[in-house]
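What follows is a set of notes on a single structure, which appears directly below.
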Amino acid sequence: MSAPANPGSYRPPRSAASTANYKKLMSHLELHGTNSRNSSWLESMRASSPTHLRPLPFTSLAETHEHVEWKRRHPSVLAKFDQVTAAAKGKKIIMFLDYDGTLSPIVDDPDSAFMSKAMRAAVKAVAKYFPTAIVSGRCRDKVFNFVQLSELYYAGSHGMDIKGPTKWPKHIKPQEKSVHCQPAWSFLPMINEVYNLLLERTKLIPGSKIENNRFCLSVHFRCVEENIWNRLAEEVRSVLARYPDLKLTQGRKVLEIRPTIEWDKGKALEFLLNELGFADSNDIFPIYIGDDRSDEDAFKVLRDRGQGFGVLVSKYPKETCATYSLKEPSEVKDFLRRLVEWKRVSMKEKQRIN
Ligand SMILES: O=P(O)(O)OC[C@H]1O[C@H](O[C@H]2O[C@H](CO)[C@@H](O)[C@H](O)[C@H]2O)[C@H](O)[C@@H](O)[C@@H]1O
């Protein structure tokens with residue numbers, strides 16, 4: 001799965017599963033879109049980001065049985081920190097971090113999803129000790145502008161645009177060839193065409209926003225009144241009906257339009273492990289932290305490889321392939337800091353023994 005020499009010449013296969021998902025989602029929009037408020041896509045769109053519900057604190061007596069059971073299956077990685085570091089001992093940790101909802105809190109305006117200085121310092125410290133990648137649905141340039149750390153790998157557009165660090169941290173040998181992977185290169189003109197069509201078709205829908213993430217698009221529902229979600233979805237449906245090579249996925253109050261290629265955040269994770277020279281390595285310990293559905297592809301890869309683990313960032317129980325959980329970005333920051341501290345102490349200890 002090495003980077004194509006000429007990204008423009010690479011035509012990845014279309015996935016049957018993706019096509020089936022696309023048809024399923026499209027048929028939901030078609031069959032139930034305009035009349036039924038109970039269609040499954042509407043329900044899951046609501047549930048994807050229940051920011052306006054009263055949050056149930058994890059420690060509250062009001063915790064539901066479901067919540068308790070979910071926490072038992074996906075405990076806090078902070079609470080299990082000693083267990084985690086015991087498993088990672090002697091192995092090489094590689095850190096993968098989603099951006100929105102993981103490093104930055106979810107906000108109404110996607111252009112204002114800034115990360116705090118403290119979070120940036122925590123990510124910088126992690127990258128000093130472990131190879132670190134940001135894996136985001138955003139386009140690579142945009143997520144780089146938010147994070148502003150040159151020593152990281154960046155996988156934008158759900159992993160369809162990967163680039164290596166421009167400043168190499170000491171622990172990584174600078175690669176002879178620069179890491180570069182754009183498996184959906186040939187879809188660029190189509191994505192731009194659909195972007196312009198959607199801008200035009202949705203301009204009268206209050207609160208809607210179409211975000212161009214280069215190899216994919218996001219249609220934002222967060223600031224659209226729920227009673228017109230169907231109208232927005234219908235516009236998306238009617239545009240996409242003419243583009244069978246694009247598929248729809250659903251995120252947190254967002255519909256994402258992507259090329260129907262067999263590529264996702266899980267594939268990006270595998271690509272990066274290969275590029276780092278860990279393809280067949282048994283002594284690696286990859287950790288992937290993310291909050292959204294698209295992160296599940298990466299959690300699943302780690303689960304299937306039996307290496308490292310996934311951490312889901314969520315205050316609410318969600319079906320997930322992640323092993324552990326964290327409630328919110330501030331806990332992600334705490335976890336990153338603790339990991340750095342643990343590494344510093346174990347390096348000192350090693351030096352003392354030698
Ligand atoms: O993979 P990610 O880095 O998590 O990107 C997924 C989407 O994130 C952004 O949207 C989400 O965050 C916004 C800002 O907090 C929020 O307004 C929106 O409702 C969320 O869905 C980004 O704007 C999208 O393009 C990404 O697809």
Side-chain angles (χ1 to χ4, degrees), residues 41 44-52 95-116 119 123 132-147 149 152-162 184 191 194-195 198-199 202 207-226 229 232-233 236 246-259 263-269 288-299 310-315 318 320 322 326 328-330 332:
W41 85 270
S44 72
M45 184 67 93
R46 262 184 224 119
S48 68
S49 201
T51 45
H52 301 297
M95 184 62 74
F96 296 91
L97 299 163
D98 166 53
Y99 184 74
D100 289 279
T102 298
L103 297 183
S104 70
I106 293 292
V107 291
D108 284 350
D109 175 13
D111 295 332
S112 306
F114 303 108
M115 70 195 275
S116 66
M119 180 67 94
V123 176
T132 302
I134 306 290
V135 188
S136 172
R138 303 253 189 181
C139 73
R140 186 164 49 78
D141 289 350
K142 206 184 270 181
V143 80
F144 177 82
N145 285 338
F146 280 129
V147 178
L149 294 171
L152 311 181
Y153 289 82
Y154 286 88
S157 308
H158 292 288
M160 288 181 283
D161 191 5
I162 306 182
I191 292 283
V194 171
Y195 173 64
L198 284 174
L199 276 187
T202 60
S208 67
K209 184 177 170 80
I210 314 296
E211 193 181 1
N212 191 336
N213 284 326
R214 194 151 191 232
F215 295 101
C216 49
L217 303 172
S218 289
V219 181
H220 288 277
F221 283 64
R222 188 168 295 273
C223 297
V224 177
E225 289 294 335
E226 238 184 89
W229 279 4
L232 180 54
V236 176
L246 298 179
K247 67 177 173 181
L248 263 184
T249 53
Q250 206 169 317
R252 299 182 69 178
K253 304 262 169 75
V254 74
L255 283 181
E256 291 157 334
I257 295 164
R258 316 196 212 172
W263 200 268
D264 52 36
K265 289 183 172 185
K267 290 278 191 303
L269 181 150
Y288 187 106
I289 311 182
D291 73 316
D292 210 346
R293 270 198 201 177
S294 61
D295 299 308
E296 292 295 331
D297 296 316
F299 296 153
V311 181
L312 177 71
V313 184
S314 179
K315 283 188 177 121
K318 278 185 190 171
T320 183
L326 286 170
E328 56 201 4
S330 67
V332 174

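For ligands, and for the atoms within them, numbers begin at 1 and follow the listed sequence.
- Taking a cutoff of 4.0 Å between a charged side-chain nitrogen and a carboxylate oxygen, K265 and D292 do not qualify as a salt bridge.
- A salt bridge does not link D100 with R252: every distance from a Lys NZ or Arg NE/NH1/NH2 to an Asp or Glu carboxylate oxygen is 4.0 Å or more.
- Side-chain contact, Q250 with S44: a donor N or O sits under 3.5 Å from an acceptor N or O.
- A salt bridge does not link K267 with D297: none of the charged nitrogens is closer than 4.0 Å to a carboxylate oxygen.
- Protein residues with a heavy atom closer than 4.0 Å to ligand 1 are D98, Y99, D100, P105, I106, V107, D108, P110, A113, S136, G137, R138, E211, N213, S218, H220, R222, R252, V254, E256, K265, listed by chain and number.
- In this structure, F146 and Y99 have parallel ring planes: the angle between them is below the 30° cut-off, well short of the 60° mark.
- Aromatic ring orientation, F221 versus W41: perpendicular (interplanar angle above 60°, classes split at 30° and 60°).
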